[in-house]
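Please read the structure below before turning to the comments.
Everything numeric here is computed off the predicted structure, so don't read it as measured data.
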Protein chains: 2
Amino acid sequence: MNGIDQILRQHDIKPSYLRMKVFDYLKQHMDHPDVDKIYKVLAPEIPTLSKTTIYNTLHLFVEKGLVTELILNHQKHYDIRTIPHAHFQCTACGQIDDLEIIPPALDPKYVAAWQINQVQLTYFGVCASCQK
Amino acid sequence: MNGIDQILRQHDIKPSYLRMKVFDYLKQHMDHPDVDKIYKVLAPEIPTLSKTTIYNTLHLFVEKGLVTELILNHQKHYDIRTIPHAHFQCTACGQIDDLEIIPPALDPKYVAAWQINQVQLTYFGVCASCQK
DNA sequence: CTCACTTTTGTAATGATTACATTTTAATTA
DNA sequence: TAATTAAAATGTAATCATTACAAAAGTGAG
Ligand SMILES: [Mn+2]
Ligand SMILES: [Mn+2]
Ligand SMILES: [Zn+2]
Ligand SMILES: [Zn+2]
């Protein structure tokens, strides 16, 4: 939990207690949790916690470029890794794994015309343990 | 609209009037429409049309491998192209363009462990006309 | 302490999708 | 052809993640 306030400040985010808790959670759980997962884990130790706060905090993090948001299965998942990489999602159990694949660069003619902000490369399938 | 019944039959789909209409729409509109778009266009010429039918039909098409489903912006979009390719979506106007990029193949060790069913490569950004 | 501002909370609304029961249509059989 | 059965289409209600919005609680400067 140390140094977290520094990181938040570097991204122009005032490090409140809750924001630090949420960021700390993301740092320690790189399995791309959704809002509900984060809420369910933090709620017991923060009895007053509201799910709206989790939403607000994550929106702020995304806006400030601190975390990446990936929409899979009609749900937003949050990833503390901001460098481009790919994902695998098991359509049976929902687990999301990191893949060290860098998405291909766009043709220069598109880069000139469009302003690209994010690239998402996802492989869908069934993981090893779900195949049995 | 000719030959559509053949294509449906080849994919083990009984070519009803509505199924042919939906497929015909997808064939003529490759801009990756969502359910609502398809419904709004077909409803005027088919007064009894139900949105549930559009859902049912598209689910069937996907199940039979006739069309591809891509989830962007919390919405399902349908693509008559089934060969792998990438997409660009403008986050301002929502338009979805095809990109002739083939998503990179997975490392063999993953291919062996997982059963990959679909790959989705999407570039998000702002299109030329929305930048003004 | 007071005031202004930020953060957090609670509740209601939104909107795409799904579940499910009913009605309509098509195909099969007698 | 009429009766029976199966398939397709429809209508309505439920689901559920997300958002909108207003109120409450906390923070920090003067
Ligand atoms: Mn990741
Ligand atoms: Mn496409
Ligand atoms: Zn799995
Ligand atoms: Zn645009």
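Counting to the nearest Å, the P atom of C/dT7 and the CD1 atom of A/I54 are 15 Å from each other. To the nearest angstrom, P of D/dC16 lies 17 Å from CD1 of B/I71. Note: NE2 (A/H74) to P (D/dT15) measures 18 Å, nearest angstrom. Look at CG on A/D12: it is 14 Å from C1' on C/dT6, rounded to the nearest Å. Rounded to whole Å, atom P of C/dT14 lies 17 Å from atom CD of B/Q75. Here the P atom of nucleotide C/dT9 and the NZ atom of A/K51 are 14 Å apart, to the nearest Å. Rounded to whole Å, atom P of D/dA7 lies 13 Å from atom CG of B/L60. Rounded to an integer number of Å, the gap from A/E69 CD to D/dT19 C1' is 13 Å.
Around atom CD1 of A/I46, more than 12 heavy atoms belonging to other residues, nucleotides or ligands sit under 6.0 Å away. Summarising the local packing, CD1 of A/I116 is surrounded by more than 12 heavy atoms from other residues, nucleotides or ligands at distances under 6.0 Å.
The residue among A/Y17 and B/V35 whose nearest nucleotide of DNA chain C lies closer to the 5′ end is A/Y17. Along DNA chain D, the nucleotide nearest B/R19 and the nucleotide nearest B/T52 are compared for position; the residue whose nucleotide lies closer to the 5' end is B/R19.
Side chain of A/Q28 to backbone of A/F23: no donor-acceptor contact under 3.5 angstrom is found.
Between A/K76 and D/dT19, a side-chain N or O to OP1/OP2 separation shorter than 4.0 Å is present. Between B/S16 and the phosphate of C/dT25, there is no side-chain N or O to OP1/OP2 separation shorter than 4.0 Å. Within the 4.0 Å cut-off from OP1 or OP2 of D/dT19, at least one side-chain nitrogen or oxygen of A/H59 is found. Remark: A/T53 is not in phosphate contact with C/dT7, judged by side-chain N or O atoms under 4.0 Å from OP1 or OP2.
Taking only side-chain atoms of B/Y55, from C-beta outward, the nucleotide of D/dT18, C/dT6, C/dA16 with the closest atom is C/dA16. With D/dG11, D/dA9, C/dT8 as the candidates, the nucleotide lying closest to the side chain of A/L18 is C/dT8. Checked against D/dT10, D/dA7, C/dT9, the side chain of A/S50 finds its nearest nucleotide in C/dT9.
Nucleic acid contact for B/N56: base, since at least one base atom lies under 4.0 Å from a heavy atom of the residue.
By the 4.0 Å N-to-carboxylate-O rule, A/R81 lies close enough to A/D98 to be salt-bridged with it.
For the residue pair A/D79 and A/H32, a side-chain donor N or O sits within less than 3.5 Å of a side-chain acceptor on the partner.
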